[in-house]
Amino acid sequence: TSWCAAFTGFCLEEAGVRSTRSAAARSYEKWGVKLDERTAPVGSVAVFWRGSPSSWQGHVGFLVGWDQRGRPLVLGGNQGDQVSIAPFERGRLVGLYWPKGLAIPRRPAPVITSNAASSTQEA
């Protein structure tokens, strides 16, 4: 069972931000304001494709930072069937998003050292 979007939605709603209220990870492509990857802050909603870039399948979580190889580090649900922080291949990143109407922090997400393997199993 895929539950990354449920985790992301729960976190947003608990913070008082309306989520997409969808179980589809890629529903977040039509939510919020798309950010420039170079300036995206911690907490940005990160959307990834899964299977293929044109697939409806995906993964969603929160940006924690970037590793020394330029991979986004993401706090998300259903990463190894648990909530964790994992690196993802940058080529899978569809976009980073911020809630409409909320001020975007000016400090970009930091670079964090990670030697972990890139996530490949989110379902």
Side-chain angles (χ1 to χ4, degrees):
T1 301
S2 297
W3 53 275
C4 61
F7 173 77
T8 300
F10 171 80
C11 291
L12 289 168
E13 299 276 341
E14 282 293 301
V17 175
R18 185 174 171 93
S19 69
T20 64
R21 298 187 175 173
S22 170
R26 292 193 69 172
S27 66
Y28 285 90
E29 288 180 73
K30 298 175 182 75
W31 172 92
V33 177
K34 190 169 186 178
L35 302 171
D36 183 312
E37 292 177 18
R38 296 169 296 170
T39 59
V42 168
S44 299
V45 173
V47 178
F48 299 89
W49 58 265
R50 187 164 52 87
S52 74
S54 61
S55 170
W56 63 270
Q57 296 178 311
H59 184 66
V60 65
F62 298 99
L63 181 68
V64 173
W66 302 90
D67 75 4
Q68 69 277 14
R69 292 172 34 198
R71 298 178 301 173
L73 298 171
V74 176
L75 170 67
N78 202 32
Q79 295 178 171
D81 201 28
Q82 61 186 336
V83 173
S84 67
I85 296 174
F88 285 77
E89 290 301 320
R90 194 173 195 140
R92 288 185 55 202
L93 183 64
V94 173
L96 296 164
Y97 302 86
W98 193 259
K100 284 182 185 170
L102 288 183
I104 301 168
R106 293 185 180 199
R107 176 178 282 172
V111 174
I112 302 168
T113 301
S114 171
N115 295 318
S118 294
S119 179
T120 59
Q121 297 296 321
E122 300 91 41

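The existence of a salt bridge linking D67 and R69 is excluded, since no basic side-chain nitrogen approaches an acidic carboxylate oxygen closer than 4.0 Å. A salt bridge links R26 with E29; the closest basic N to acidic carboxylate O contact falls under 4.0 Å.
Here the closest heavy-atom approach between residue L35 and residue I104 is recorded as CD2-CD1, 3.6 Å. The two residues A109 and G65 have their closest heavy-atom pair at CB-CA, 3.8 Å. Between Y97 and W31, the shortest heavy-atom contact is CD2-O, 3.5 Å. Minimum heavy-atom separation, S2 to R50: OG-NH2, 3.7 Å. Shortest non-hydrogen contact noted between S19 and Y28 is CB-OH, 3.2 Å. Shortest non-hydrogen contact noted between S119 and A86 is CB-CB, 4.2 Å.
Using a distance-only test at 3.5 Å, with no hydrogens or angles considered, a donor-acceptor pair links the side chain of S55 to the main chain of Q57. Although no hydrogens or angles enter the test, the distance criterion places a donor-acceptor pair under 3.5 Å between the side chain of T8 and the main chain of C4. Side-chain atoms of W56 do not come within 3.5 Å of backbone N or O of A24 as any donor-acceptor pair.
Under the salt bridge (Lys or Arg N to Asp or Glu O under 4.0 Å) criterion, R90 pairs with E37, sequence neighbours left out.
When the side chains of ILVMFWY residues are joined at heavy-atom separations under 4.5 Å, either directly or via intervening members, V17 and F62 end up in a single hydrophobic cluster. V45 and W3 fall within a single hydrophobic cluster, where Ile, Leu, Val, Met, Phe, Trp and Tyr side chains are chained together by heavy-atom contacts under 4.5 Å.
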Please walk me through it: do S84 and Q79 pass side chain to side chain donor-acceptor pair (under 3.5 Å)? CA-CA 6 Å; S84 67; Q79 295 178 171; 3.2 Å; yes

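A ring-ring contact (aromatic ring centres under 6.0 Å, His included) check over residues 65-92, counting only residues at least two apart or in different chains, returns the pairs F48-F88, H59-F88.
The shortest distance between side-chain heavy atoms of N115 and Q68 falls below 4.5 Å.
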